[in-house]
Every structure is written in C-alpha cells, then in structure tokens.
K.L.:
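Just passing along the structure, written as structure tokens.
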Protein chains: 2
Amino acid sequence: MSSTSDVQQATPQPLDASKLIYTLADSPRDVPDPATSCAGDTTICTDHMILATWSATTGWSAPKLKPYGPLSIMPAASCLHYATECFEGLKAYRGSDGKLRVFRMEHNAARLQMSCNRISLPTVDTDQLIQLVHALLAVDGPKWLPEDQAGEFLYIRPTVIGTQSNLGVQAPRSAMFYIIMGYVARVDAVPGGMKLLTSPDNMVRSWVGGFGHAKVGANYGPSVIASQEASREGFHQILWLYGEDGECTEAGGSNFFVVWERKGDKQKELVTAPLDDRLILDGVTRRSCLELVRERLGGELEITERKFTINEVIEAAAEGRLLESFSVGTMWFVTPVSHIRHRGYDIKIPMGEQGEMGEVTGKLKGWLGDIMYGGVEHSWATVVSEKRA
Amino acid sequence: MSSTSDVQQATPQPLDASKLIYTLADSPRDVPDPATSCAGDTTICTDHMILATWSATTGWSAPKLKPYGPLSIMPAASCLHYATECFEGLKAYRGSDGKLRVFRMEHNAARLQMSCNRISLPTVDTDQLIQLVHALLAVDGPKWLPEDQAGEFLYIRPTVIGTQSNLGVQAPRSAMFYIIMGYVARVDAVPGGMKLLTSPDNMVRSWVGGFGHAKVGANYGPSVIASQEASREGFHQILWLYGEDGECTEAGGSNFFVVWERKGDKQKELVTAPLDDRLILDGVTRRSCLELVRERLGGELEITERKFTINEVIEAAAEGRLLESFSVGTMWFVTPVSHIRHRGYDIKIPMGEQGEMGEVTGKLKGWLGDIMYGGVEHSWATVVSEKRA
C-alpha cells in the first residue's frame with residue numbers, strides 16, 4: 001500500500017480533474033460583440049484556461065483553472081524546436097433552448113490520446129479531459145456564450161506540448177496540457193460554395209508511414225505555403241492529392257466527400273477517402289456524416305469509403321454524373337464545394353435546386369445542426385452544466 | 001525619401017545587428033565542469049541569449065542580447081499548435097591555439113532562410129545572423145568555453161518561431177528569432193562504432209513533396225517514436241529508408257555514407273544519397289566531406305551522390321565489397337558505423353586496421369577536426385573576436 005502523502009512518491013500521479021484548483025480572474029475582460037469577435041489578428045479567448053504540467057518522474061500536477069495569459073516556456077523547450085505538440089478542436093454550441101452542448105467529445109479525447117502517442121508525449125486520460133472541458137465551460141460559458149445567443153458557438157482547443165528544456169531529439173520528460181477557448185469565425189456559409197485548388201505536384205500533405213491521421217502540429221505549418229498560394233488565386237482551400245494517380249484525401253484541414261452516380265450501374269453513391277492507410281484525419285464530423293447517412297439514407301444512397309482519384313471526379317463531372325461535393329470538419333462544419341481547379345482544368349459541381357447546396361449536403365447540415373443546437377434530442381450531444389461543480 | 005524616425009513607418013524594418021541592445025546578466029551562473037555539463041535532463045545554456053521579434057506590419061525589432069531565461073508565449077501561439085518553427089545547429093570550436101572558431105556558418109544561415117520560407121516564417125538575413133552569433137560568442141565564449149579547453153565546443157541554436165496568437169492555420173503575422181548556446185554531449189566517439197536499425201515498414205521520415213530537406217520542427221518530433229524503439233533494442237539511431245526499394249537516406253539526424261568496391265569494375269567508391277529529391281538535409285558536414293574527398297582523394301576514390309538501397313549494402317557486405325560506413329552532421333561530427341540491422345538481418349561493417357574506423361572515415365575526421373580546431377589554416381574556419389564590438 002502506498003500513500004501519496006509520502007515525501008517520496010513511488011509512482012507518477014495520474015491527471016485528476018477532481019483536484020482542479022480555481023483561481024478566477026481579478027479583472028475579467030469585456031465580451032466583444034459578435035461582429036468584431038473574429039475581426040482582429042488575435043484569437044479572442046475567454047477569461048480562463050485550464051493547465052496541468054507533467055514530468056516523467058512525478059506525473060501530472062493538480063490541474064489549475066486560472067486567468068488566460070502567456071505561458072512561460074524555456075527557449076530550449078522541445079515544442080519550440082521539434083514540434084512535440086498536438087491538439088484537439090471542438091465546439092460548444094448554444095442551443096435554441098438556451099442550453100450549452102458539446103458534441104461527441106469522447107472521440108476528440110480518444111484522438112488526442114492517439115496523437116500524444118504518435119508524437120511521444122504523455123497521454124491525457126479521456127474522462128479527465130472531458131471533465132476539465134466541462135469545468136472550463138461551466139465557468140466561462142455563461143458569460144462568453146450567453147443564453148440568448150442561440151446558434152452561436154465557442155471553439156475549444158485542448159493542447160499538449162513538450163516542455164523539456166533539452167536540445168536532444170527525444171521524448172520530452174516534461175510536458176504541459178492546457179485547454180483554451182475562444183471565438184473562431186463561422187466559415188460554413190460560403191456564398192456560392194467553396195472553391196478548391198488541387199495541391200501542386202511538388203507538395204504532399206501526408207504520406208503512408210507518416211502522421212497525417214494524427215492531430216499533430218507537424219501536419220499544419222508545412223501546409224501553409226500551399227494554402228497561401230491557393231488563397232492568392234482566389235480559392236478557399238487546397239484539395240490534397242496523394243500518389244501518382246492523384247487520390248483525393250483532405251480539403252484543407254477537413255474531410256472531403258463527393259456524391260455521384262456510379263460509373264456503369266448509375267447507383268447514387270457517397271464516396272470519401274478511407275482511414276486504413278492513415279493519410280487522413282479520422283474526423284468526428286466525417287464519422288458522424290457517414291453514420292447519419294447510413295442510418296437515414298441507406299436505402300437510396302450507397303456509402304463507400306475508398307480511394308478515389310481526381311480523374312474519377314473529372315470524368316464524373318464531364319459525364320454529368322457528379323451530383324454534389326462537400327467538405328466537413330469541426331471548423332468547416334458541412335460546407336458545399338462548388339468548384340475544383342486541377343492543373344488549370346475547372347470542375348464545376350452542382351449546387352442543388354436552390355443553388356445553395358445539394359440535397360445530401362443540406363440534409364447532413366440540417367441533421368447535425370439540429371443535434372448540436374438541441375433542435376432534437378440525440379445521444380451525440382451532451383448538455384453542459386453551467387454551474388461550477 | 002522616407003525617414004525611419006517618422007511615427008508612421010512606411011516599410012517593415014529589416015533585422016539590424018548593429019542595433020543590438022546589451023543587457024548583461026546581473027547574476028551570471030557558474031560554468032559546470034565538463035564531466036557534468038551534459039549529465040542532466042536540461043541543456044545547460046550560457047548566461048545570455050539574443051532575441052528579436054518580428055511583426056508583419058513593423059518588421060524586426062532591434063535585437064537584444066539579454067540574460068538567458070524563459071520566453072513569454074501566448075497559449076494560442078502558432079508555434080505551439082502548427083509547428084511554425086525552424087532552427088539551425090552549429091558549433092563554436094576552441095582551438096589548440098586558444099582561438100575560438102565557427103565553421104562555414106554562411107551555409108547554416110542560408111539554410112535557415114530556406115527553412116523559414118518552407119514553414120511560412122519571416123526570413124533572417126544571413127549577414128545579420130552571422131553578426132549576431134559572433135556578438136553572442138564575444139560575450140559568452142571566453143567564460144563558457146575558456147581558452148584552456150582546446151578541443152571542446154559550444155553548441156549554437158538559432159531558432160525562429162511563429163508567435164501570432166491566432167488559432168487559424170495561416171502564415172504567422174508575428175514571430176520571434178532567438179539564438180541560444182549551450183553544452184551538448186560529444187557523441188562521435190562511440191566505442192565499437194555506431195549501430196543503426198533500419199526504419200520499420202510503417203514509418204517514413206520524409207517523402208518526395210514533403211519537407212525533409214528543411215530544418216523544420218515537423219521533421220523531428222514525429223521521428224522520436226522510431227528512435228526510442230531503436231534505442232530500446234540497443235541501437236544508436238534509425239537508418240531511414242525510403243520507398244519500396246528501401247533507399248538509404250539519413251541516419252537519425254545525420255547524413256549517411258558508405259565506401260565500397262563497386263559491383264563489376266571493383267572501383268572504390270564513396271556513395272551518399274542525393275539532394276535533388278529533397279528527402280534529406282543538405283548538411284554542412286556532408287557538403288564538406290564531399291568537397292574534401294573530391295579534392296584530396298579524388299584520384300583513388302570515386303565520389304557518387306545517388307540513390308542506393310539497403311539491398312545494395314547487404315549485397316556488398318555479403319560479397320566482401322563493403323569497406324566503410326559513417327554518419328556525419330554537426331551533432332555526430334564524423335562517426336563510423338559498424339553494424340546495421342535490417343528486418344532481423346545483421347550487416348557487419350569493417351572498422352579498419354586499428355578497429356576504430358576505416359581509412360576514409362579517419363581521414364575525414366582528422367581533416368575536418370584540423371580545420372575546426374585550428375590545426376591548419378583554412379577558409380572554412382572563421383576566428384571569432386572575443387572582444388565585445
């Protein structure tokens with residue numbers, strides 16, 4: 001029997017949300033009006049953040065809820081040199097009933113564990129993570145996403161970084177876990193639909209044997225150079241192709257879908273890239289779209305996770321078989337894609353009878369929105385208690 | 001004509017080493033004895049660092065030389081989420097004549113510019129970088145690498161990180177450049193030579209269209225998981241293979257060479273992976289080895305930069321044609337490789353007549369050491385003035 005009160009701790013301590021120490025902000029800040037909340041160069045975060053530190057010998061510190069502010073990081077810290085960092089992205093949704101909800105957070109928590117393992121950081125227990133997100137929302141939710149703002153959301157960013165101050169390339173022996181929340185722009189309402197530019201021949205986002213499936217920093221920074229070029233040419237995102245055949249993988253940081261009439265038997269089919277080669281992120285929205293479509297449209301629509309190439313998309317468009325395309329993710333929600341440019345060739349994608357989005361795209365967006373914002377009761381949405389525990 | 005003293009600056013300011021502001025440490029620390037300088041979990045750095053901040057609108061701040069200590073970084077900073085970070089690694093060498101030298105720093109400076117561009121960070125002017133490294137060495141060199149420590153070195157780490165506090169994936173509009181110096185262990189004297197384990201089938205370090213040629217953080221953290229496995233099995237580094245044929249690319253973070261008798265004509269040949277597909281780092285030590293061998297051993301040794309596979313190495317070993325292998329880099333200097341394990345098959349590599357290293361390995365190590373430590377005069381080594389400018 002070991003006692004944790006002994007001076008010498010025999011085993012590293014687990015992360016324990018029940019030990020959360022509250023230090024509330026002395027001077028809470030004003031909440032910006034919605035029009036300007038995402039207008040500046042800086043992401044506006046809420047009054048508080050949650051933070052816990054880890055060392056290989058002592059394990060996790062008691063987590064702290066404290067005022068949002070700068071971190072003190074040594075110049076030789078692993079995260080600043082070797083990208084020992086990973087994160088999650090999720091949202092809290094203010095419902096039409098005034099309640100605050102989170103969406104399938106257990107999948108974000110599980111994915112963060114996988115990402116931590118891939119990048120050699122300590123894992124964060126899934127249950128503790130979920131409790132800590134709830135704790136932060138309980139404190140900052142009512143003020144930063146008030147009851148009367150139905151249909152709005154806050155973005156939540158759990159993050160793990162390696163902090164060991166050592167220039168050797170190695171698994172960090174100290175780390176930090178923190179959760180911040182703030183405003184990010186709503187980007188799913190793109191007038192005329194999203195325009196994608198396929199990745200240039202000399203740029204590959206992820207590769208078999210790499211880490212494209214993990215939400216590690218190393219997937220993001222290196223992609224910016226291509227995204228900037230796309231933006232300069234008037235496109236919203238890069239459609240990342242893979243391999244000599246140009247398999248369609250991800251659109252920016254979101255999962256990419258097409259709906260077409262299948263060549264040959266003309267079966268209406270929803271297609272998206274598979275997870276098994278670990279090139280793409282196992283998105284929570286992707287997963288949810290597939291599950292909803294299987295459940296609710298399975299009779300009329302075949303659902304296929306397989307490799308598909310840009311030339312198949314071009315061929316379907318040329319033959320009038322391409323019906324819809326959309327991109328999904330926590331940031332992009334469900335956004336219709338209307339246009340893809342590949343090596344100077346333009347693919348136009350139908351946008352449905354009202355010209356806003358196709359039928360499947362619209363149904364998915366509606367169904368998911370109903371779940372997230374409490375229009376329907378559903379097991380995927382969890383109401384957040386906004387009273388401090 | 002614009003005046004920089006105007007309140008409204010028309011153009012972002014360039015980095016200007018001549019504006020360096022000195023704030024010396026009030027309580028300089030003790031220099032550890034050489035035996036313990038690399039023994040702890042933390043890299044021991046010198047008393048000072050150099051730091052400059054950048055913003056897209058105002059450009060570079062005046063650089064500061066100030067006490068080494070923690071950085072204040074916002075939790076939403078780009079470098080902590082998206083690996084917008086890159087660095088250089090070089091050494092200052094204390095010569096047998098008591099002088100301090102740096103080695104071909106202009107190549108590190110040029111590579112840092114390339115890395116900054118690849119990871120969407122502002123570039124650091126090469127001349128200014130070189131002047132700032134000299135300035136830091138002038139202040140900390142005499143104390144941290146005293147004149148009587150001939151044959152010792154300090155490690156220098158110029159670093160650029162994205163600091164914009166914004167959760168969007170984009171080119172950072174603010175950044176920080178800093179230079180730190182400290183002790184890293186001497187690793188080139190491996191008793192019996194270095195042992196390499198080839199990368200597992202499901203792990204690829206870099207890929208065509210990626211960023212393996214740039215010194216960005218994203219190349220390092222994701223490789224740790226494989227290196228740890230190699231270490232657990234008693235190997236020093238991973239030999240990273242690429243593609244279905246198993247091309248030999250890098251050994252850990254260093255460039256990999258073999259010397260063999262060529263199949264067929266038995267010509268003695270030095271072979272290393274090429275730069276053109278951008279899989280590997282354009283190492284300063286790699287470049288220097290190739291140049292020295294071309295100049296001094298060109299008559300007896302053919303020098304070839306080409307793709308070569310692990311099966312070619314296995315075949316050469318089996319036929320008694322494999323003569324030497326070594327790994328080179330700033331960290332590893334020139335280290336003989338004695339053993340490679342590939343999928344359970346062991347390749348033994350000759351270690352020369354004295355059993356320490358082969359002839360070419362030994363010559364290169366001697367020649368480079370002579371240049372770095374002032375045993376000979378050479379244009380590649382630059383003496384550092386240790387008087388503050």
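Here is the naming used below: chain letters follow the sequence lines, and residue numbers restart at 1 for every chain.
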K.L.:
So which residues of residues 111-120 of chain A are in contact with chain B at a heavy-atom cut-off of under 4.5 Å?
P.N.:
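Residues in range: A:N117, A:R118, A:I119, A:S120.
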K.L.:
State, to 0.1 Å, how close A:G89 and A:K215 come at their nearest heavy-atom pair, and which atoms those are.
P.N.:
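Nearest heavy atoms, A:G89 then A:K215: N-CE, 4.1 Å.
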K.L.:
A:Q228, A:M49, A:R278, A:H81: which one forms the most heavy-atom pairs within less than 4.5 Å of chain B?
P.N.:
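Top option by heavy-atom pairs under 4.5 Å: A:H81.
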K.L.:
Looking at chain B, which one of A:T84, A:L80, A:V216 has the largest number of heavy-atom pairs inside 4.5 Å, strictly under?
P.N.:
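Highest number of heavy-atom pairs under 4.5 Å: A:L80.
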K.L.:
Show me the pairs that pass salt bridge (Lys or Arg N to Asp or Glu O under 4.0 Å) and involve residues 197-212 of chain A, at least two apart or across chains.
P.N.:
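Sorted result for residues 197-212 of chain A: A:D201-A:R343, A:R205-A:E250.
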K.L.:
Could you look at B:I225 and say if it's the side chain, the backbone, both or neither that has a heavy atom under 4.5 Å from chain A?
P.N.:
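Answer is both: backbone and side chain atoms of B:I225 are under 4.5 Å from chain A.
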K.L.:
Between chain B and each of A:T42, A:L71, A:V224, count heavy-atom pairs under 4.5 Å; write down the option with the most.
P.N.:
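Among the listed options, the one with the most contacts to chain B is A:L71.
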K.L.:
Could you pull out the closest heavy-atom pair between A:I73 and A:C79, with the gap in Å?
P.N.:
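Nearest heavy atoms, A:I73 then A:C79: CG2-SG, 4.3 Å.
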K.L.:
Would you check if A:T335 and A:V187 make a side-chain contact, meaning some heavy-atom pair closer than 4.5 Å?
P.N.:
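Side chain of A:T335 against side chain of A:V187, heavy atoms only: no contact under 4.5 Å found.
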K.L.:
Does the side chain of B:D140 reach to within under 4.5 Å of the side chain of B:M181, using non-hydrogen atoms?
P.N.:
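Result yes, sub-4.5 Å side-chain heavy-atom pair found.
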K.L.:
What are the two closest non-hydrogen atoms of B:C38 and B:V184, and how far apart are they?
P.N.:
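Heavy-atom minimum between the residues: SG-C, 3.3 Å.
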K.L.:
Check A:I179 against A:L136 and note the closest heavy-atom contact, atom names and distance.
P.N.:
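That closest heavy-atom pairing would be O-CD2, 3.6 Å.
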K.L.:
Is a side-chain N or O of B:N255 found less than 3.5 angstrom from the main chain of B:G329, in a donor-acceptor match?
P.N.:
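Answer holds: no.
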K.L.:
Please classify the contact between B:N202 and chain A as side chain, backbone, both or neither, with a heavy-atom cut-off of under 4.5 Å.
P.N.:
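The answer is the backbone of B:N202.
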K.L.:
Quick check on the structure: residues of residues 233-249 of chain B within a heavy-atom distance below 4.5 Å of chain A, by number.
P.N.:
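None at all.
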K.L.:
Which one wins on heavy-atom pair count under 4.5 Å against chain A: B:S227, B:A56, B:G69?
P.N.:
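The answer is B:G69.
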K.L.:
Please report the shortest heavy-atom distance between B:A226 and B:P200, naming the atom on each side.
P.N.:
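Looking at all heavy atoms of both residues, the shortest contact is CB-CD, 4.5 Å.
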K.L.:
Parallel, tilted or perpendicular, judged at 30° and 60°: which one describes the rings of B:F87 and B:Y220?
P.N.:
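Plane angle between 30° and 60°, so tilted.
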K.L.:
Quick one: are B:H48 and B:Y68 in side-chain contact, heavy atoms under 4.5 Å?
P.N.:
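Contact flag for B:H48/B:Y68 side chains = no.
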K.L.:
Answer yes or no: is there a side-chain heavy-atom contact under 4.5 Å between B:T23 and B:L65?
P.N.:
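Side chain of B:T23 against side chain of B:L65, heavy atoms only: no contact under 4.5 Å found.
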K.L.:
Does anything in residues 157-178 of chain A reach chain B? List residues with heavy atoms under 4.5 Å apart, or say none.
P.N.:
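So the qualifying residues are A:R157, A:T159, A:I161, A:Q164, A:S165, A:N166, A:L167, A:V169, A:Q170, A:A171, A:R173, A:Y178.
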K.L.:
Does the side chain of B:H213 come within less than 4.5 Å of B:L275's, by heavy atoms?
P.N.:
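Heavy-atom side-chain distance check fails, nothing below 4.5 Å.
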K.L.:
Could you label the plane-to-plane angle of the B:Y183 and B:W144 rings as parallel, tilted or perpendicular, counting under 30° as parallel and over 60° as perpendicular?
P.N.:
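Ring orientation, 0 to 90° scale: tilted.
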K.L.:
Between atom OG of A:S199 and atom CD1 of A:I310, what is the distance when rounded to the nearest 0.5 Å?
P.N.:
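So the gap between those two atoms works out to 9.0 Å.
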K.L.:
Show the nearest heavy-atom pair for residues B:E88 and B:Y155, with the distance to one decimal.
P.N.:
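That closest heavy-atom pairing would be O-OH, 4.3 Å.
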K.L.:
Given a strict heavy-atom distance threshold of 4.5 Å, which part of A:I180 is in contact with chain B: side chain, backbone, both, or neither?
P.N.:
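Side chain only.
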